[in-house]
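Letters go in sequence order (proteins before strands), and every chain restarts at 1.
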Amino acid sequence: MSPDGRGSAWTTDRLAVGVFAIVFVVALPIANIAGLVSDYYLNLFGKYLALAILALGMDLLWGYAGILSLGQAIFFGIGAYAIGMFMMLEGSGKGVYGEPVPDFMIWNQVYQLPWFWKPFRYLPVAVAGAVLLPALLAVLIGLLTFRRKLRGTYFAILTQAIAFAVWLTINRNEMKLGGTNGLTDFKSVLGFSLSGPATQRALYVVTAAVLMIAFALSRRLVRSKTGLVLQAIRDNERRLEFLGYNTASFKIFVFGVAGGLAGLAGLLYAPQVGIITPSQVGVLPSLEIVIWVAFGGRGTLWGALLGAVSINWLRSVLTGSYPRIWPIILGVLFVAVIMLFPRGLVGFGARLGGLAARRPLVEPPMPAAVDVKQRVLEP
Amino acid sequence: MKTLLYVDGLTVSFDGFVALRNLNLLVEPGERIRLLIGPNGAGKTTLFDALTGQVTPVSGRVLFQDHVNLLGLTEHAIANRGVIRKFQTPSVFPDHTVFENMVLSSGHKRFLATVTARAASLETDRIAEVLEQVGLRAHAALPAGTLSHGQKQWLEIAMLLVQSPTLLLLDEPVAGMTRAEKDRTVALLDAIVEQSTCTIMLIEHDMQFVRQIAGRGHQVTVLHEGAVLSEGSIDRVQADERVIEAYLGRGKVTAEA
């Protein structure tokens, strides 16, 4: 008896992971060196792959455990701001004013580095902080909500409220995080100029490799017993409690993992894009992450990857020509996918491939109605 | 251990509707099956709800194995103490395979133990054995949602058995089953009594099924309007004037309606 009864499907999946790794981690950068893929496109793909890590976390959380968070962009933002602060500090002193603080602080009459900026002078602190701070924040929110059995829509609304509050807060100049302009004008990472194609290529390779590792670990997680528990929480949390599970611990765990992955995505995103602003941290970007996952196919790791890459690619193409109607296109896409292909692109692909036939779509017949007269003791 | 389950003066009220009225019940350690019968609204399922932590009683005491107070414990804490329940409708996880349903039911439930669990630590042999017992071994790789109604009920019983319960609460295990499926369930219960040491409390409306089980010498408790009306062997209970009166009255109402 195979542990999950899905032996062959998983082998195909492993093959697909291998192909994906070879194409994105090895082939694309080589093609870039050879001049077949432009620096611009490689950088664009680096951005998409970073966002795919964000989607992966969302998929574990929502697609597998059924917990809808409308605030994942907060965690992404923490990761991006953490590495952003590091890069700002590495560039400080080389700016227009030559002061030891980032230029935007001078505009706000801040000449001393705020205390919370200081640890981010060190890359290990910035990198660890970018992943651990969002994970810890998620665990904290999880402790305060899941233990009190705050569930479903209430949780979603709460996370949205938190996202809005965070957005409002970091928009303020008093926060010393650059206000509405955010952090930008990054110059270098560890002395390597960010404008150099070699640095960008290295960042791309790191991003692609990290994505593959995150994917492999996520895949391992969803195949484990913990993964089974997470999916059972999605399907029937009450039932699982009667089996003896304290579901809150599992939910806090997966929310923490999703938060950490979001932070990791932000960490890899900011140096490649060169800017992080509050507009990428609030309610709307959080909602977009949900759309990526739904579009790609929730509850399948490939769906998260596919959704994040395809929608962001579409955005790059369409915002160039039709910036005004992009939100409308995104909305229409979302509604269309939910109505026509509830299982997203992956589900649609599976149906095309005839794979959906594996599972009968017809429900087993209703049990015969119990004879009501038999329900009382016979005289 | 003097008593397995000691229910003392249990009262449950839903916004003024008294579902359990000062209910007293005693189950001894050696007892194997206790049948709970009674008309709809008698409080049978509410009693299970109170035992498993789903409703909070107004007053009363519930002691499990002499000194574990079940009232006030959370659902998962009660389950981990060996009081395990099957619901009225089959509630297996439809998207998980039969085997995965069993994996969820067996082994460690604590978060850290689950996270560190390796494939080798899965109780595969035990799961296979229990699936064999309920006749679902051949279906191990199927999604549970594709099973027939009777098979789902058996799977759920298997999910409870694999947890090696001390007290097994079965709420209408044969509801909606065909006669043949009911007979198989009787045989399954016989096998459980023979092969394990757990005590089963069983709610059932199907009197033919109740007589089949009770005919093996198990006690029957009749609940009526939230309290115990009669208790004893099936013959004694069926001959009890109060039982006949209570049910005859209701039988009439049902017939008129």
If we only count heavy atoms from C-beta on, is the B/Gln54 to A/Glu241 side-chain gap below 4.5 Å? no
Within-4.5 Å side-chain heavy-atom neighbours: A/Asn246 and B/Lys109: no
Greatest number of heavy atom pairs closer than 4.5 Å to chain A - which of B/Met159, B/Arg81, B/Glu75, B/Arg110: B/Glu75
Counting only heavy atoms from other residues, nucleotides and ligands, does the tally under 6.0 Å from CZ of A/Arg147 exceed 12? no
Taking all non-hydrogen atoms of both residues into account, name the closest pair between A/Phe250 and B/Thr114 and its distance. CZ-OG1, 3.6 Å
Would you call A/Lys225 and B/Glu100 a salt bridge, taking side-chain N to carboxylate O under 4.0 Å as the test? no
Between B/Phe93 and A/Leu243, the two heavy atoms sitting closest are CE1-CD1, 3.9 Å
Counterpart residues, salt bridge (Lys or Arg N to Asp or Glu O under 4.0 Å), relative to B/Lys44 (two or more places apart): none
Kindly say whether B/Phe111 contributes a backbone atom to a donor-acceptor pair with the side chain of A/Tyr245 at under 3.5 angstrom? no
Pairwise side-chain contact, B/His96 with A/Asp235, heavy-atom cut-off 4.5 Å (strictly under): yes
Checking B/Gln163 against chain A: side chain, backbone, both or neither under 4.5 Å from a heavy atom? side chain
Answer with side chain, backbone, both or neither: which region of A/Ile252 has an atom nearer than 4.5 Å to a non-hydrogen atom of chain B? neither
Is it the side chain or the backbone of B/Leu112 that comes within 4.5 Å of chain A heavy atoms, both, or neither? neither
A/Lys149 versus chain B, the contacting section by heavy-atom distance below 4.5 Å: side chain
